[in-house]
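A quick write-up on the structure given underneath.
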There are 2 protein chains.
Amino acid sequence: MSSFDRLRVVLVATRNPLNMGAAARAMSNFGFPRLRVVNPYHVAFREARSAVGASHVLASAEDYQSVAEAVGDCTLVVGTTAVGRRTLQHPLRRLEYGARLIRKQLRTSHVALLFGSEKSGLSNEAFSHCHWLLHIPTSQENISMNLGQAVAVCLYELARDGKATPDLPRGIQKQSGASAAEVERITALLQEAMVASGYLKRKPTSDAEQRLRRLVRRLKLPAGDVGAWLGILRQILWKLRN
Amino acid sequence: MSSFDRLRVVLVATRNPLNMGAAARAMSNFGFPRLRVVNPYHVAFREARSAVGASHVLASAEDYQSVAEAVGDCTLVVGTTAVGRRTLQHPLRRLEYGARLIRKQLRTSHVALLFGSEKSGLSNEAFSHCHWLLHIPTSQENISMNLGQAVAVCLYELARDGKATPDLPRGIQKQSGASAAEVERITALLQEAMVASGYLKRKPTSDAEQRLRRLVRRLKLPAGDVGAWLGILRQILWKLRN
């Protein structure tokens, strides 16, 4: 079993089926298959059209009458909150940090991640089942997130790979830089063009050549483009001289 | 000017005004105020009710006829894509890595982050204005994200603080652990209770005391809870002896 299969996303008293569909879609996007719902307002949530590509997540969602039952098999229960003016009785962790703790726990056991209703979030009763609370770091000016977006951001962070480095699509070679000789050929052509265009006569400086050389090197020319640039410059130079 | 003010979120040919509202809401949640739209399908997008708490973002959105105009003042233009079966001609970067490059650029200049239509993403024409492409790392089984959720995840990553550590809400003291003396008092009471309950007689071991001591220490008792535990144990002990 992958550790992602051990997460239970628990939607408590959700009002809008479209939001439940959006949550399911985000779960499917990030590879978390197990959805649980506690007392949704609309029992027909499984038909939500917003669950694009995630109908299997909604179809296999487990229905519960209480938070206690929905988190029964979990060793860690985490509630989400926008904080706001509420007085909290729980330790509160920012998503970046809290996700690390959840990931660690998922290696060996089940974790429940609770999301409350769109209107009022999780109740204090729901909070009382939680070991700690998680909040997404938002701007103070607008702390209230859309439910589907909040689920997406939390699951993204759980699936996040902090060691990610540049990657390339199939069929594209890693772009290597032009060689010094190629760069110098381009520099030389450019200088000829500048001479031919009268630029160097109009703005003479003692270190014109060096300036130009530095200028061209700052371009970081890709090796694959050298031919094209040489062609363009030769054409310009030809035109300048004729 | 904050570096977040230098980002332009550019929605190209978006179909559903509700998605534009959701994008605006996410922008407001993460503190990015500057929205630009290119040829939306519905001109009345500014009234989208999904922009909860973000009507100012929609109201001040700038309208453009072409991608070229919408990105004109930006020194870095990044397109988003789900990749899929498309053959890409651009370097492609995972969000975790690409966001670092965008953040760096935002320190000194404007950056455009482009999102395409719900149906087909960004066109090749739109791609041609981009320096490179960004993709959100999704599960291969469902790579297509909802537009509002994709915007939220990207902006979250841009605003993300990798150094985040535990924080606490107003009014909750950092929880300190019980002192060794307190833990020992609890251990002693527990041992008395074990003796009184006959437990130690039923399962005698030579190192019972040490086992119990280790057991209690692994609980990591909070200092503020010591009194309550002592009270409970004393009560149990009293009951056991009477």
Side-chain angles (χ1 to χ4, degrees), chain A residues 4 22 25-32 50 52-54 57 81 83 86-98 101 132-133 135-146 148-153 155-157 159-172 174-175, chain B residues 4 22 25-32 50 52-54 57 81 83 86-98 101 132-133 135-146 148-153 155-157 159-172 174-175:
Chain A
F4 284 17
R25 181 172 184 175
M27 290 174 66
S28 161
N29 286 143
F30 294 112
F32 295 91
S50 53
V52 180
V57 174
T81 178
V83 190
R86 251 169 119 159
T87 307
L88 300 175
Q89 306 297 332
H90 281 75
L92 180 71
R93 286 166 178 148
R94 260 176 88 111
L95 177 56
E96 300 95 321
Y97 178 80
L101 306 182
W132 45 267
L133 305 179
H135 76 109
I136 297 172
T138 48
S139 155
Q140 276 307 309
E141 276 134 57
N142 188 2
I143 61 166
S144 161
M145 285 193 72
N146 163 271
Q149 290 175 316
V151 171
V153 166
L155 298 185
Y156 163 74
E157 178 66 46
R160 188 177 182 279
D161 176 11
K163 297 184 193 77
T165 46
D167 52 6
L168 294 159
R170 299 173 290 277
I172 292 196
K174 190 167 158 55
Q175 184 174 289
Chain B
F4 284 16
R25 182 172 182 176
M27 292 174 64
S28 160
N29 286 143
F30 293 112
F32 296 90
S50 53
V52 180
V57 174
T81 177
V83 190
R86 249 169 120 158
T87 308
L88 300 175
Q89 306 298 333
H90 281 76
L92 181 71
R93 284 165 180 150
R94 261 177 88 111
L95 176 57
E96 299 96 322
Y97 178 79
L101 306 182
W132 45 269
L133 305 180
H135 76 109
I136 298 173
T138 48
S139 157
Q140 276 309 306
E141 277 134 58
N142 189 0
I143 62 167
S144 159
M145 285 193 71
N146 162 272
Q149 289 174 315
V151 171
V153 166
L155 299 185
Y156 164 74
E157 178 67 48
R160 188 177 182 278
D161 176 10
K163 297 186 193 75
T165 47
D167 52 7
L168 293 159
R170 300 175 288 275
I172 293 197
K174 191 167 157 53
Q175 185 174 289

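Reminder, nothing fancy here: chain letters follow the sequence lines and each chain counts from 1.
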I need the residue from [options] with the largest number of non-hydrogen atom pairs under 4.5 Å to chain A.
options                               : value
B/Phe30, B/Trp132, B/Phe32            : B/Phe30
B/Ala54, B/Ala150, B/Ser144           : B/Ser144
B/Leu95, B/Val153, B/Leu133, B/Thr138 : B/Val153

* Taking all heavy atoms of B/Asn29 and all of A/Ile143, pick out the closest pair and write down the distance. => ND2-C, 4.2 Å
I need the [X] [atom1] to [Y] [atom2] distance, nearest 0.5 Å.
X        : Y        : atom1 : atom2 : result
B/Asp161 : A/Glu96  : CG    : CD    : 5.5 Å
A/Ser28  : B/Met145 : OG    : CE    : 10.5 Å
A/Asn146 : B/Ser50  : CG    : OG    : 8.0 Å

* Is a donor on one side and an acceptor on the other found under 3.5 Å between the side chain of A/Asn142 and the backbone of B/Val52? -> yes
* To do: State whether the side chain of B/Glu141 and the backbone N or O of A/Gly31 hold a donor-acceptor pair below 3.5 Å, judged by distance alone.
  => no
* Structural part of B/Ala22 lying under 4.5 Å from a heavy atom of chain A -> both
* **Heavy-atom contact with chain A under 4.5 Å, split by part of B/Leu101** => neither
* Asked: Who pairs with B/Glu157 by side-chain hydrogen bond (donor to acceptor under 3.5 Å, both in side chains), at least two apart in sequence or on another chain?
  -> A/Tyr156, A/Arg160
* Non-hydrogen atoms of chain B under 4.5 Å away: do they reach the side chain of A/Leu155, the backbone, both or neither? -> neither
